[in-house]
Colleague: 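I have a structure here, written as structure tokens, and I will follow up with some questions on it.
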Amino acid sequence: MPKVQQTLKISALKLAAKKAYNNAYAPYSNFFVGAAALTKAGNIVSGCNVENASYGLTVCAERNCIAQAIINGEQEFQTLVIYTEQEKLTPPCGACRQVIAEFLEQSAVVTVVNHLEQQISWTVKQLLPDAFTPKDLV
Ligand SMILES: O=c1ccn([C@H]2C[C@H](O)[C@@H](CO)O2)c(=O)[nH]1
Ligand SMILES: [Zn+2]
């Protein structure tokens, strides 16, 4: 994809992740997160964290975002963006890294951005080296 188009897609992903962030349900932690992914077909899907009074049932923004794509019939992704309003950029949790490794290629990029326009990116491989994935189930 040409660089300018790539930049536009990332901006669109940040906007979608921020929009999802505004719908996050996080009354227990007050740690609101939004995520947006670009599917291989070129569509944007998003998700937010959804907590529960039974705390352990919480689902993170990243996993809800991926589930949203699957509900829409898409299982392949180009990239994922996470949005928070934390001054310290926070990486995806271990559970989300495992789910990301299931659906995004090892070379795909995951980016965390915040309201201060700061960002950090990792490849999926950096987030979870030697991941257990479908290839291990043969
Ligand atoms: O990358 C992350 C890290 C945390 N959370 C959620 C889980 C919980 O609702 C809250 C605090 O851990 O933030 C996410 O959605 N994504
Ligand atoms: Zn997580």
Side-chain angles (χ1 to χ4, degrees):
M1 193 190 294
K3 190 125 195 156
V4 61
Q5 267 185 41
Q6 188 88 14
T7 309
L8 280 173
K9 283 285 185 188
I10 295 293
S11 305
L13 283 166
K14 285 182 192 168
L15 264 181
K18 184 174 179 175
K19 195 170 170 202
Y21 166 95
N22 285 317
N23 291 332
Y25 178 73
Y28 308 108
S29 70
N30 285 315
F31 192 96
F32 302 87
V33 187
L38 182 62
T39 68
K40 283 222 171 139
N43 296 313
I44 290 177
V45 289
S46 63
C48 60
N49 54 330
V50 180
E51 297 188 344
N52 193 276
S54 177
Y55 299 162
L57 299 184
T58 291
V59 183
C60 298
E62 298 89 323
R63 280 177 286 147
N64 276 333
C65 173
I66 289 172
Q68 185 60 63
I70 292 171
I71 291 161
N72 291 342
E74 295 207 55
Q75 301 187 348
E76 295 184 322
F77 302 89
Q78 301 183 41
T79 192
L80 180 93
V81 171
I82 301 156
Y83 178 87
T84 70
E85 295 197 353
Q86 301 297 314
E87 294 196 4
K88 182 189 179 302
L89 292 165
T90 54
C93 80
C96 289
R97 290 177 195 216
Q98 178 65 29
V99 173
I100 289 168
E102 177 90 13
F103 293 105
L104 277 77
E105 286 165 16
Q106 292 275 286
S107 59
V109 174
V110 174
T111 304
V112 176
V113 300
N114 68 9
H115 56 307
L116 305 172
E117 297 286 324
Q118 295 167 323
Q119 65 179 66
I120 310 181
S121 294
W122 303 268
T123 61
V124 171
K125 189 181 172 129
Q126 285 173 322
L127 287 174
L128 194 61
D130 302 321
F132 180 82
T133 62
K135 71 179 182 327
D136 296 303
L137 287 175
V138 290

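In listed order, ligands and their atoms are each counted from 1. Computed from heavy atoms alone, side chains included, the values below leave out hydrogens, waters and symmetry copies.
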Colleague: Side chain, backbone, both or neither: which part of Cys96 comes within less than 4.0 Å of ligand 1 when only heavy atoms are counted?
Modeller: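 Answer for Cys96: neither.
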
Colleague: For atom 4 (C) of ligand 1, which protein heavy atom lies nearest, and how many Å away is it?
Modeller: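 Here the closest protein heavy atom is Phe31 CE2, 4.0 Å.
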
Colleague: Evaluate the 4.0 Å heavy atom contact test for atom 12 (O) of ligand 1: does a protein atom fall under the cut-off?
Modeller: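 Flag for atom 12 (O) of ligand 1 set to false, no protein heavy atom closer than 4.0 Å.
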
Colleague: For Pro91, state whether at least one heavy atom is located under 4.0 Å from any atom of ligand 1.
Modeller: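 The answer is yes: ligand 1 sits under 4.0 Å from a heavy atom of Pro91.
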
Colleague: Can you tell me if Thr90 has a non-hydrogen atom under 4.0 Å from ligand 1?
Modeller: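 No heavy atom of Thr90 comes that close to ligand 1.
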
Colleague: I need the contact type for Ala26 against ligand 1. Using non-hydrogen atoms and a strict under-4.0 Å cut-off, is it side chain, backbone, both or neither?
Modeller: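 The answer is neither.
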
Colleague: Would you mind running through ligand 1 and noting each atom that sits below 4.0 Å from a heavy atom of Ser29?
Modeller: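 So the atoms of ligand 1 that pass are 10 (C), 11 (C).
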
Colleague: Could you give me the CA-CA distance, side-chain angles and deciding distance for Gln119 and Lys14, then say whether side-chain hydrogen bond (donor to acceptor under 3.5 Å, both in side chains) is met?
Modeller: CA-CA 11 Å; Gln119 65 179 66; Lys14 285 182 192 168; 2.9 Å; yes

Colleague: State the atoms of ligand 1, each with its element, that fall below the 4.0 Å cut-off from a heavy-atom position in Pro92.
Modeller: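 Per the distance check, 1 (O).
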
Colleague: Show the nearest heavy-atom pair for residues Ala26 and Asn49, with the distance to one decimal.
Modeller: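 Ala26 and Asn49 have their closest heavy atoms at CB-ND2, 3.7 Å.
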
Colleague: Does Ala95 offer a backbone N or O that forms a donor-acceptor pair with the side chain of Gln98 under 3.5 Å?
Modeller: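 It does not hold such a pair.
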
Colleague: With under 30° as parallel and over 60° as perpendicular, where do the rings of Tyr21 and Tyr83 fit, or are they tilted in between?
Modeller: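 The rings of Tyr21 and Tyr83 stand perpendicular, inter-plane angle above 60°.
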
Colleague: State whether a side-chain donor-acceptor pair under 3.5 Å links Thr133 with Lys135.
Modeller: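 The answer is yes; a qualifying pair exists.
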
Colleague: Among protein heavy atoms, which lies nearest atom 6 (C) of ligand 1, and at what distance?
Modeller: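 Protein heavy atom with the smallest distance to atom 6 (C) of ligand 1: Asn49 ND2, 3.5 Å.
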
Colleague: Under the salt bridge (Lys or Arg N to Asp or Glu O under 4.0 Å) rule, what do Arg63 and Glu102 come out as? Steps first, then yes or no, please.
Modeller: CA-CA 11 Å; Arg63 280 177 286 147; Glu102 177 90 13; over 6 Å; no

Colleague: Need one value: angle at the Zn ion (ligand 2), Cys93 atom SG versus Cys60 atom SG, rounded to 10 degrees.
Modeller: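 So the angle at the metal works out to 120°.
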
Colleague: When you measure from the side chain of Asn114 to the backbone N and O of Leu89, does any donor-acceptor pair fall under 3.5 Å?
Modeller: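 Side chain of Asn114 to backbone of Leu89, a donor-acceptor pair under 3.5 Å: no, none is there.
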
Colleague: Nearest to atom 16 (N) of ligand 1, what protein heavy atom do you find, and at what distance?
Modeller: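 Heavy-atom neighbour on the protein nearest atom 16 (N) of ligand 1: Glu62 OE1, 2.9 Å.
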
Colleague: Can you tell me if Glu76 uses its side chain to pair, donor with acceptor, with the backbone of Lys40 under 3.5 Å?
Modeller: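 Flag not set: sc Glu76 to bb Lys40 has no pair under 3.5 Å.
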
Colleague: On a heavy-atom basis, which atom in Glu62 and which in Ile82 lie closest, and how many Å separate them?
Modeller: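 Taking every non-hydrogen atom into account, OE2-CD1, 3.5 Å.
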
Colleague: Taking all atoms of both residues into account, what is the closest heavy-atom pair of Thr90 and Val112, and its distance?
Modeller: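 Residues Thr90 and Val112, closest heavy atoms: O-CG2, 3.2 Å.
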
Colleague: Could you list which atoms of ligand 1 come closer than 4.0 Å to a heavy atom of Thr58?
Modeller: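 Counting atoms of ligand 1 from 1, those under 4.0 Å from Thr58 are 7 (C), 8 (C), 9 (O).
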
Colleague: Got the closest protein heavy atom to atom 15 (O) of ligand 1, with its distance?
Modeller: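 The closest heavy atom on the protein side is Ala61 N, 2.9 Å.
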
Colleague: Please identify which atoms of ligand 1 are closer than 4.0 Å to at least one heavy atom of Cys60.
Modeller: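 Here the atoms of ligand 1 in question are 5 (N), 7 (C), 14 (C), 15 (O), 16 (N).
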
Colleague: Do me a favour and list the nearest non-hydrogen protein atom to atom 8 (C) of ligand 1 with residue, atom name and distance?
Modeller: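 For atom 8 (C) of ligand 1, the nearest protein heavy atom comes out as Glu51 OE2, 3.3 Å.
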
